[in-house]
Engineer: 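Pasting a structure here, questions to come.
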Amino acid sequence: MHHFHYRGEDLYCEEVPISALADEVGTPFYLYSHATLTRHFRVFDEAFQEVPHLICFAVKANANLAILRLFATMGGGADVVSGGELFRALHAGIPPERIVFAGVGKHREEMREALKADILMFNAESSQELRLLNQVAGEMGTVARVAVRVNPDVDPKTHPYISTGLKKTKFGIDISIALEEYQLAQTLSHIAIVGVHTHIGSQITDVSPFVDSLTRIAELIHELRTRGIDIRYLDVGGGLGIPYGDETPPHPTEMARAVIPILKDLGCTILFEPGRVIVGNAGILVTRVLYTKRTPTKDFVIVDAGMNDLIRPSLYGSYHAIQPVRRQEGRQRLTVDVVGPICESGDFLAKDREIAMVEPGELLAVMSAGAYGFTMASNYNARPRAAEVLVKGDRHFLIRARERYEDLIRGEVVPDDL
Ligand SMILES: *Cc1c(COP(=O)(O)O)cnc(C)c1O
């Protein structure tokens, strides 16, 4: 469900025609629907109302301050994976007691920042990290609340780059040695164990990996308790998929029905870290056609958004639906590659895609681009990053200005003796 739909022949976001926004802010730009964002957050929240819980939105999916603020006003927290994301979350007004900090490579300075902010907990991923965190907390005369990220060795059956819960990944601590890790953590005087964390991957389209993993984690929690280690929080991570094309991921209520029986008698507050499922279909990338190019073997539509704006197709071979912002009856359908201006053959938004013919100057909407879209954007080819716009009803807000050339060189210094 989302609020991008045609009225007559024109694609709208809620009550606003997208072509009018393109005239105002230029292209390419990311466009988010307030009604869709709030609906997705609320649906997820309500699905799990039977268990005490907190939704810590995964900031890496979409880190715009306005969007983080929106979730904060709805009672949400944040899952951050760097000092920069912590800075953003705090800046957006997310209360520190609703922030969790994951990631395999936290450095000392980031630990200090998070301890200073007094976040809810660290999701620790190795024994060396636990020892360093203990040391840093000790230097600061404080205690770090910790969940150990446990890797349940469950195959989420998704793209290998976004599978994180298998033995062979860099993430978490293997469940077979998790007990030892917890016992080590218990000996560290500036560490307070409060939880268990797990996150098995992203764009998961079936409930069974969640059920398998949480069954194993629930057993671990019982074992920890018999050893006198009290667990108050179970952080189940994120990973629920969305329909980009014809996949049919479980609805949050379906996921809830499958996992609540495992969660409800654990006596834990359940933390969720959804990213994609909240924002993915709430955002699109709007781009303008620059040229069409026919070659003997292939037809290309060259647009003004590239892999620097949306890297998912190039990085994971991801599918994003592409729709015209203005539909035209009776247009010929063609199979084309929709490509960007970047000097790389891997720069494409769609390959061998059948679309209605478009002319230079027309607008296309790259759908389901709200998650891992702008956050993965770069300045490759010295391209300023796109603007971001939020629509709420019949109003719209520029929530991030398009970068200017000056932004591209900020911080660079040419030494005098060159
Ligand atoms: C990426 C990530 C998430 C969010 O994943 P989605 O698939 O977007 O829901 C949650 N938790 C952790 C630890 C992550 O790394």
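Basis for what follows: all heavy atoms, side chains included, without hydrogens, waters or symmetry-related copies. Every number for a ligand or one of its atoms is a count from 1 in the order of the listing.
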Engineer: Mind telling me whether Y30 and Y32 have parallel, tilted or perpendicular rings, with 30° and 60° as the class edges?
Structural biologist: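 Aromatic pair Y32/Y30 classed parallel.
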Engineer: Which of the numbered atoms in ligand 1 are below 4.0 angstrom from a heavy atom of G275?
Structural biologist: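 With G275 as reference, the close atoms of ligand 1 come out as 6 (P), 8 (O), 9 (O).
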Engineer: Check ligand 1 against Y372 and write out every atom of the ligand that is under 4.0 Å from a heavy-atom position of the residue.
Structural biologist: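 Near Y372, meaning under 4.0 Å from one of its heavy atoms, ligand 1 has 1 (C), 4 (C), 5 (O), 6 (P), 8 (O).
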Engineer: Using a 6.0 Å distance limit plus a 45 degree cone around the ring axis, check whether K106 lies over the aromatic ring of F101.
Structural biologist: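 Relative to the ring axis of F101, which defines the angle, K106 lies inside both limits.
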Engineer: Quick one: sort the F48 and F272 rings into parallel, tilted or perpendicular, breaks at 30° and 60°.
Structural biologist: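 Geometry flag for F272 against F48: tilted rings.
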Engineer: Enumerate the atoms of ligand 1 whose separation from the nearest heavy atom of R276 is less than 4.0 angstrom.
Structural biologist: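 Heavy-atom distances to R276 below 4.0 Å select 6 (P), 8 (O), 9 (O).
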Engineer: Which of the numbered atoms in ligand 1 are below 4.0 angstrom from a heavy atom of P274?
Structural biologist: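 The list of qualifying atoms is 9 (O).
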Engineer: If you have a sec, work out which protein heavy atom is nearest atom 7 (O) of ligand 1 and how many Å separate them, to one decimal?
Structural biologist: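 Its nearest protein heavy-atom neighbour is S202 OG, 2.3 Å.
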Engineer: What residue pairs, at least two apart or across chains, pass side-chain hydrogen bond (donor to acceptor under 3.5 Å, both in side chains) with a residue in residues 73-93?
Structural biologist: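 Not a single pair qualifies under side-chain hydrogen bond (donor to acceptor under 3.5 Å, both in side chains).
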Engineer: Using a strict cut-off of 4.0 Å, indicate which atoms of ligand 1 neighbour a heavy atom of E273.
Structural biologist: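 Under 4.0 Å from E273, ligand 1 has these atoms: 3 (C), 4 (C), 9 (O), 10 (C), 11 (N), 12 (C), 13 (C).
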Engineer: Please identify which atoms of ligand 1 are closer than 4.0 Å to at least one heavy atom of G239.
Structural biologist: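 So the answer, numbered in order with elements, is 5 (O), 6 (P), 7 (O), 9 (O).
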Engineer: With under 30° as parallel and over 60° as perpendicular, where do the rings of H320 and Y244 fit, or are they tilted in between?
Structural biologist: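 Ring orientation of H320 relative to Y244: perpendicular.
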Engineer: Looking only at the side chains, is there a donor atom on one of H396 and E24 sitting less than 3.5 Å from an acceptor on the other?
Structural biologist: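 Result is yes, a qualifying pair exists.
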Engineer: What I want to know is whether K60 and ligand 1 share at least one N or O pair that is separated by under 3.5 angstrom.
Structural biologist: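 Yes - when backbone and side-chain N and O of K60 are compared with those of ligand 1, one distance drops under 3.5 Å.
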Engineer: Answer yes or no for D79: is there a heavy-atom contact with ligand 1 below 4.0 Å?
Structural biologist: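 The answer is yes: ligand 1 sits under 4.0 Å from a heavy atom of D79.
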Engineer: Only pairs at least two apart or in different chains count here, so list each salt bridge (Lys or Arg N to Asp or Glu O under 4.0 Å) that has a residue in residues 33-62.
Structural biologist: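 Qualifying pairs: none.
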